[in-house]
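Notes to accompany the following structure.
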Amino acid sequence: MTWGNWTTVSEFILVSFSTLSSEVQALLFLLFLAIYMITLMGNVLIILVTTADSALQSPMYFFLRNLSFLEIGFNLVIVPKMLGSLIIRHTTISFLGCAIQMYFFFFFGAAECCLLATMAYDRYVAICDPLRYPLIMSRKSCVQLAAASWFSGFPVATVQTTWIFSFPFCGPNRINHFFCDSPPVIALVCADTSLFELEALTATVLFILFPFLLILGSYVRILSTIFRMPSAEGKQKAFSTCSSHLLVVSLFYSTAILTYFRPRSNNSPESKKMLSLSYTVVTPMLNPIIYSLRNNEVKAALRRVLRRILGSQKLRLT
């Protein structure tokens, strides 16, 4: 395959975890397969419960449904190919396939950063301006904010992916990662990439650091408001509505910032793989667990849904 007149690479080899023994890779395959299934089932369950239960129709759960859709997409882009690389050594991915995987990785990643910031804004309005909350977070406003979060993934994914795959790839073609992330792919380019790296840093600041600062600012105001509340019950209720989102944000951003803002001298391929595993595999699994176990409304809705399912089965049997 030729991309312009320069590219001679027609496919890439994903190094993944091929340096490990076959036994370790088999164990990792079983572990990641279990995590993958839990992630899919957990996020699908969150979508079904928050859609079916009338008590979970507030803006917070509307955004939670969108987050679950994003997590499912994120997993589908990364994990199946990674599982394949644990079974087959030197798993290959076509030039176009690598570009598609990278595109959707950027798309879902940028959209999730913006959606987490939107969810923080929702909690800010709910706690700091509760009287105007129904007006500010109307159904129309929620749809617009969610759509803007999803749409934010398109420009960064389009610019980054198109730019990277317009470079010449003259060989070698071994990507030292378990998916087509930009740094290990850029390492294979046989041209000057300094201008792209400057643009990539700018995009990273805009779509990772800037939303994180918005979230941080929102929670500073939220905590300030909570500490001024006169009743202990009100403080506890306010904390409980924010704790799940704050924990999810901490997990996602801590690993993402460590991955993309560490100096290159401290960023070995193996450490980057471990950090990437945390936000591409582990965090999407933990999100539905966190929102289920730490949220009384979700737990109550799950019980109601299970009672309805069990009740309908009993009726069929009788």
Side-chain angles (χ1 to χ4, degrees), residues 43 46 50 55-68 70-71 109-139 141-142 144-146 148-149 152 204-262 275 278-279 282-301:
N43 282 289
I46 289 288
T50 57
L56 302 182
Q57 300 306 308
S58 66
M60 181 172 74
Y61 297 109
F62 170 75
F63 293 127
L64 179 57
R65 279 196 296 277
N66 279 269
L67 180 63
S68 290
L70 278 174
E71 298 289 26
E112 183 163 346
C113 289
C114 293
L115 185 63
L116 289 172
T118 299
M119 294 172 77
Y121 175 70
D122 170 66
R123 293 299 83 207
Y124 162 75
V125 177
I127 293 171
C128 299
D129 198 0
L131 296 179
R132 294 203 304 151
Y133 180 72
L135 178 64
I136 296 173
M137 301 304 293
S138 64
R139 179 70 180 176
S141 297
C142 290
Q144 289 173 340
L145 286 168
S149 298
S152 66
T204 303
V205 169
L206 285 175
F207 289 95
I208 294 181
L209 194 58
F210 184 64
F212 176 72
L213 292 175
L214 289 177
I215 293 169
L216 194 62
S218 297
Y219 273 103
V220 167
R221 294 291 303 275
I222 287 170
L223 291 174
S224 174
T225 301
I226 290 174
F227 287 134
R228 292 199 303 268
M229 290 179 176
S231 68
E233 185 182 351
K235 289 180 181 179
Q236 185 178 1
K237 185 178 179 181
F239 271 123
S240 67
T241 62
C242 297
S243 59
S244 298
H245 177 257
L246 192 56
L247 186 54
V248 167
V249 166
S250 301
L251 288 169
F252 180 81
Y253 274 101
S254 60
T255 52
I257 289 173
L258 280 173
T259 301
Y260 293 103
F261 284 95
R262 285 171 64 187
L275 287 169
S278 60
Y279 69 83
V282 179
T283 302
M285 176 194 69
L286 293 177
N287 287 354
I289 296 173
I290 291 168
Y291 276 103
S292 299
L293 296 180
R294 297 183 61 86
N295 190 301
N296 291 328
E297 290 181 338
V298 173
K299 286 190 285 187

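Sequence positions, counted from 1, serve as the residue numbers for this chain. Worth knowing before you read on, the calculation uses all heavy atoms, side chains too, and leaves out hydrogens, waters and symmetry mates.
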Taking every non-hydrogen atom, the tightest pair across Ala120 and Tyr219: CB-CE1, 4.1 Å
Shortest non-hydrogen separation from Leu206 to Pro211 and the atoms involved: O-CD, 3.0 Å
Interatomic distance, Thr50 atom OG1 to Gln57 atom CD [nearest 0.5 angstrom]: 7.5 Å
Exam field: side chain Tyr279 to backbone Ser254, donor-acceptor pair closer than 3.5 Å: no
With Glu71 via side-chain hydrogen bond (donor to acceptor under 3.5 Å, both in side chains) - residues at least two apart: Asn287
For Cys242 against Ile222, the heavy-atom pair lying closest together: SG-CG2, 4.0 Å
Rounded distance [0.5 Å steps], CG in Asp122 versus OH in Tyr133: 3.5 Å
Heavy-atom pair with the smallest gap, counting every atom of Ile127 and Thr225: O-CG2, 3.7 Å
Contacts of type salt bridge (charged side-chain N to carboxylate O under 4.0 Å, His left out), residue Arg228, not counting sequence neighbours: none
Atom pair CG/CD of Leu67 and Glu112 - distance to nearest 0.5 Å: 5.5 Å
Ser224 side chain to Val220 backbone, donor-acceptor under 3.5 Å: no
Whether Phe227 and Phe239 hold their rings parallel, tilted or perpendicular, with breakpoints at 30° and 60°: perpendicular
Atom pair OG (Ser149) and CD (Gln144), whose distance is rounded to the nearest 0.5 Å: 12.0 Å
Closest approach of Pro130 to Pro134 (non-hydrogen atoms, all atoms of both residues): O-CD, 3.8 Å
Ile136 side chain near Tyr121 side chain, heavy-atom distance below 4.5 Å: yes
Donor-acceptor contact present, side-chain Thr255 to main-chain Leu275, <3.5 Å: no
